[in-house]
Amino acid sequence: MTEVKKVLMVIANDWFQDHEFWVSFAVFHDAGLDITIAAGEKWECRGVFWARTVADVDLFFADATKYDMVVFIWWGWAYTQYFHDKAYLKLARDAKKVWAICIAPMIVSESGIFNGKTVTWWDQDGVQRRFVEKNWWFWSDESVVVCWNIVTWDWPDAAEEFAKKCVELLCNS
């Protein structure tokens, strides 16, 4: 019997990116993955386009080692809620596999997990690329980048491609 893979999806309590979350969630669900949603507080979460979901676990109490992958979903309030957040960064450091979208990798980068790795994420006018190169990581213009146990992707439009790649990598590991 095959063990069901467990996924922790991390979102902000307010203004998470609906498309990134729901497209990924649907792909993970259809693949039979066991999904847990974490946020800064265990209560209802609202997306930027007013979609709603409820966090299953408070970020502070989430244990990344209990999951096969941790997925970081982005939007503006994720930066406000999680920039320099010790629990958020600990999840990234402790995760067996890290997947992050859009600008979420920039917040996760503080954890040190990108050292010597190739990454991608949303890049406005080259600012994010310069940030990556300044910190001795390697930038890729690809939409989805797989580097060791880390998958980064650049934009909500790539969410389905990203999620399918995550399932493929997770289920074949």
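For clarity, every value in this text was computed on a predicted model and none was experimentally measured.
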Do [X] and [Y] come close enough that some side-chain heavy atom pair is under 4.5 Å?
| X | Y | result |
| --- | --- | --- |
| K97 | L170 | yes |
| V144 | V151 | yes |
| V7 | M9 | yes |

Exercise for the section: Sort and list the pairs that fulfil salt bridge (charged side-chain N to carboxylate O under 4.0 Å, His left out) and have at least one residue in residues 164-173, not counting sequence neighbours. Expected result: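 For residues 164-173: E160-K164, K165-E168.
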
Problem - Residue pairs involving residues 35-52 (criterion salt bridge (charged side-chain N to carboxylate O under 4.0 Å, His left out); sequence neighbours excluded) - result: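 Non-adjacent pairs meeting salt bridge (charged side-chain N to carboxylate O under 4.0 Å, His left out): D14-R46, E44-R52.
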
Exercise for the section: Say whether W139 and D141, considering side chains only, have a donor N or O and an acceptor N or O under 3.5 Å apart. Expected result: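 Side-chain D/A pair, W139 to D141: present.
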
For [X] against [Y], the heavy-atom pair lying closest together:
| X | Y | answer |
| --- | --- | --- |
| N13 | G40 | OD1-N, 3.2 Å |
| W153 | T120 | CA-CG2, 3.8 Å |
| D154 | E142 | OD2-O, 4.1 Å |
| L8 | A38 | CD1-CB, 3.7 Å |
| W121 | P105 | CE3-CB, 2.9 Å |
| I11 | I73 | CG2-CB, 3.8 Å |

Any donor-acceptor pair under 3.5 Å linking the side chain of [X] with the backbone of [Y]?
| X | Y | answer |
| --- | --- | --- |
| D123 | R129 | yes |
| N115 | G112 | yes |
| Y82 | A87 | no |
| D34 | V4 | no |

Using ring-ring contact (aromatic ring centres under 6.0 Å, His included) as the criterion, list what pairs up with [X], not counting sequence neighbours.
| X | value |
| --- | --- |
| W122 | W155 |
| F25 | F21, W22 |
| F83 | Y79 |
| W137 | F114, F131 |

Kindly compute the distance separating [atom1] ([X]) from [atom2] ([Y]), expressed to the nearest 0.5 Å.
| X | Y | atom1 | atom2 | answer |
| --- | --- | --- | --- | --- |
| D68 | C171 | CG | SG | 9.0 Å |
| C45 | D18 | SG | CG | 11.5 Å |
| H84 | L89 | NE2 | CG | 9.0 Å |
| W99 | F72 | CH2 | CZ | 11.5 Å |
| K117 | F138 | NZ | CZ | 10.5 Å |

Exercise for the section: Might you work through the side chain to side chain contact (heavy atoms under 4.5 Å, CB included) test for F162 and V167, ending with a clear yes or no? Expected result: CA-CA 9 Å; F162 161 82; V167 169; over 6 Å; no

Please table the atom pairs, donor to acceptor, closer than 3.5 Å between any side-chain atom in residues 53-62 and protein atoms at least two apart or in another chain.
from: D56; atom 1: OD2; to: I37; atom 2: N; distance (Å): 2.8
from: D58; atom 1: OD1; to: F60; atom 2: N; distance (Å): 2.7

What pairs with [X] under salt bridge (charged side-chain N to carboxylate O under 4.0 Å, His left out), at least two apart in sequence or on another chain?
| X | answer |
| --- | --- |
| D125 | none |
| R93 | none |
| K90 | D94 |

Practice task
Determine whether L91 and I150 fall in the same hydrophobic cluster, where Ile, Leu, Val, Met, Phe, Trp and Tyr are linked whenever their side-chain heavy atoms lie under 4.5 Å apart.
Solution key: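 Both belong to a single hydrophobic cluster.
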
Handout entry: Test of ring centre spacing under 6.0 Å for W15 and W74
Key =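 No, too far apart.
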
Problem - Residue K96 excluded, over 12 heavy atoms near NZ under 6.0 Å - result: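 Yes, enclosed.
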
Handout entry: Those residues that, when tested against R130, pass side chain to side chain donor-acceptor pair (under 3.5 Å) (two or more places apart)
Key =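 Applying side chain to side chain donor-acceptor pair (under 3.5 Å) to R130 gives none.
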
Problem - Residue pair Y88, V108: steps toward the side chain to side chain contact (heavy atoms under 4.5 Å, CB included) verdict - result: CA-CA 8 Å; Y88 190 87; V108 171; 3.9 Å; yes

Exercise for the section: Quickly, which of E20, Q17, H19 forms a side chain to side chain contact (heavy atoms under 4.5 Å, CB included) with I101? Name it, please. Expected result: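 Going through E20, Q17, H19 one by one, the side chain to side chain contact (heavy atoms under 4.5 Å, CB included) with I101 is satisfied by E20 alone.
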
Practice task
Applying side-chain contact (heavy atoms from CB on, under 4.5 Å), name anything that partners A163, two or more places apart in sequence or on another chain.
Solution key: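 Partners of A163 by the side-chain contact (heavy atoms from CB on, under 4.5 Å) criterion, ordered by chain and then number, come out as S24, V27, F28.
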
